[in-house]
Visitor: 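For reference, the structure I am asking about is given below.
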Amino acid sequence: MAEDLQIVTGDKIEQYQNLIPQIKGLLTGEPDLIANLANVTAALKEQFGWFWVGFYIVKKNELVLGPFQGPVACTRIKKGRGVCGSSWAKAETLIVPDVEQFPGHIACSSLSKSEIVLPLFKDGMVWGVLDVDSAQLDQFDATDKIYLEQILALIEL
Ligand code: SME
């Protein structure tokens with residue numbers, strides 16, 4: 001497919017519905033995980049303009065920074081630590097409307113105000129997480145959870 005992303009304005013659902021087929025096109029036929037994770041972060045950042053979009057990958061007993069778009073970030077997060085480590089430990093999506101209210105939140109940047117973290121699964125095991133940070137409070141809701149989970153389901157380990 002053409003590598004130019006078609007960006008739309010409109011409500012969030014329209015934006016996701018326009019973006020998802022394009023992400024599917026980017027991933028189809030490409031087996032390289034790093035390439036695919038990198039393009040997913042770029043596509044999300046380009047469409048939504050969020051402050052930080054990136055993957056952390058489980059390596060031994062830690063999450064290690066993977067492909068991302070945005071400012072430099074913490075490289076290693078232990079299981080159960082911060083929003084990312086908690087999402088991994090609980091194997092569930094966490095939506096944090098105000099990061100200052102999340103006990104143990106890891107502040108890679110003081111500009112990040114709200115966050116959503118979603119686990120990636122293979123055979124019932126979490127192998128990584130997608131972390132999205134916004135400079136706005138209360139940026140993410142159940143709609144983001146639904147559509148971001150659909151996007152993550154397109155990624156094959
Ligand atoms: N805030 C995250 C750490 C990762 S950065 O935001 C990129 C956390 O609490 O796990």
Side-chain angles (χ1 to χ4, degrees), residues 12-13 15-17 19-20 22-24 26-27 30-157:
K12 189 157 64 176
I13 292 175
Q15 292 185 53
Y16 278 115
Q17 287 179 344
L19 187 63
I20 287 175
Q22 297 187 78
I23 290 180
K24 207 178 273 185
L26 284 167
L27 303 187
E30 176 49 68
D32 189 89
L33 179 65
I34 299 299
N36 288 337
L37 297 182
N39 260 343
V40 169
T41 63
L44 289 170
K45 176 84 170 156
E46 214 177 323
Q47 174 63 60
F48 292 103
W50 292 317
F51 177 69
W52 196 91
V53 182
F55 290 95
Y56 282 89
I57 299 168
V58 174
K59 294 190 177 170
K60 298 188 180 158
N61 57 346
E62 287 180 315
L63 288 169
V64 181
L65 184 63
F68 70 94
Q69 297 270 317
V72 295
C74 328
T75 50
R76 290 174 189 272
I77 297 173
K78 296 213 182 302
K79 196 169 190 177
R81 295 289 175 85
V83 188
C84 292
S86 300
S87 172
W88 174 21
K90 292 180 175 174
E92 65 184 39
T93 295
L94 296 180
I95 296 172
V96 181
D98 178 354
V99 295
E100 288 186 13
Q101 304 302 317
F102 188 93
H105 169 256
I106 300 165
C108 294
S109 166
S110 59
L111 296 176
S112 172
K113 303 288 183 220
S114 61
E115 188 163 353
I116 184 169
V117 180
L118 307 98
L120 288 136
F121 294 97
K122 181 168 173 105
D123 301 332
M125 296 289 292
V126 177
W127 61 267
V129 299
L130 172 67
D131 179 16
V132 186
D133 289 26
S134 171
Q136 315 294 322
L137 284 167
D138 202 13
Q139 177 77 65
F140 306 105
D141 58 21
T143 300
D144 298 287
K145 176 179 187 300
I146 289 167
Y147 285 104
L148 290 172
E149 284 176 354
Q150 283 182 24
I151 291 169
L152 296 188
L154 300 172
I155 299 171
E156 285 180 26
L157 182 59

Visitor: Verify, without hydrogens or angle tests, whether Asp141 (side chain) and Thr143 (backbone) share a donor-acceptor contact under 3.5 angstrom.
Guide: yes
Visitor: Under the 3.5 angstrom rule, does the side chain of Asp131 hit a backbone N or O of Tyr56 as a donor-acceptor pair?
Guide: no
Visitor: Output yes when a side-chain donor or acceptor of Lys45 lies under 3.5 Å from a complementary backbone atom of Trp50, and no otherwise.
Guide: yes
Visitor: Does Lys78 reach the main-chain N or O of Leu63 with its side chain, forming a donor-acceptor pair under 3.5 Å?
Guide: no
Visitor: Do Trp127 and Leu33 have side chains that get closer than 4.5 Å, going by heavy atoms?
Guide: yes
Visitor: Residues in side chain to side chain donor-acceptor pair (under 3.5 Å) with Glu149, at least two apart?
Guide: Thr93, Lys145
Visitor: Ignoring hydrogens and angles, tell me if any N or O in the side chain of Thr41 forms a donor-acceptor pair with the backbone of Ala38 under 3.5 Å.
Guide: yes
Visitor: Using the rule side chain to side chain contact (heavy atoms under 4.5 Å, CB included), only one of Val117, Ile151, Leu152, Ile116 pairs with Leu130; which is it?
Guide: Leu152
Visitor: Any heavy-atom pair between the side chains of Phe51 and Ser109 that's under 4.5 Å?
Guide: yes
Visitor: Around Lys90, counting heavy atoms of other residues, nucleotides and ligands shown, do more than 12 lie under 6.0 Å from its NZ?
Guide: no
Visitor: Out of curiosity, Leu44 CG to Asn39 CG, how far, rounded to the nearest 0.5 Å?
Guide: 10.5 Å
Visitor: With heavy-atom distances below 4.5 Å as the criterion, would you say the side chains of Val96 and His105 are in contact?
Guide: no
Visitor: Would you indicate whether the side-chain heavy atoms of Leu27 and Val40 approach each other to under 4.5 Å?
Guide: yes
Visitor: Verify side chain to side chain contact (heavy atoms under 4.5 Å, CB included) between Val132 and Phe48, making sure each step is shown before the conclusion.
Guide: CA-CA 11 Å; Val132 186; Phe48 292 103; over 6 Å; no
Visitor: Measure the CG-CG distance between Leu120 and Leu157 for me, rounded to the nearest 0.5 Å.
Guide: 8.5 Å
Visitor: Spell out, as yes or no, whether a donor-acceptor pair under 3.5 Å connects the side chain of Ser112 to the backbone of Ala135.
Guide: no
Visitor: Any side-chain heavy atom of Asp144 within less than 4.5 Å of one from Tyr16?
Guide: yes
Visitor: Using atom types as modelled and distance alone, determine if a side-chain donor or acceptor of Thr75 lies under 3.5 Å from a backbone N or O of Leu65.
Guide: no
Visitor: Within the structure provided, determine whether Leu37 and Ile155 are in side-chain contact (heavy-atom separation under 4.5 Å).
Guide: yes
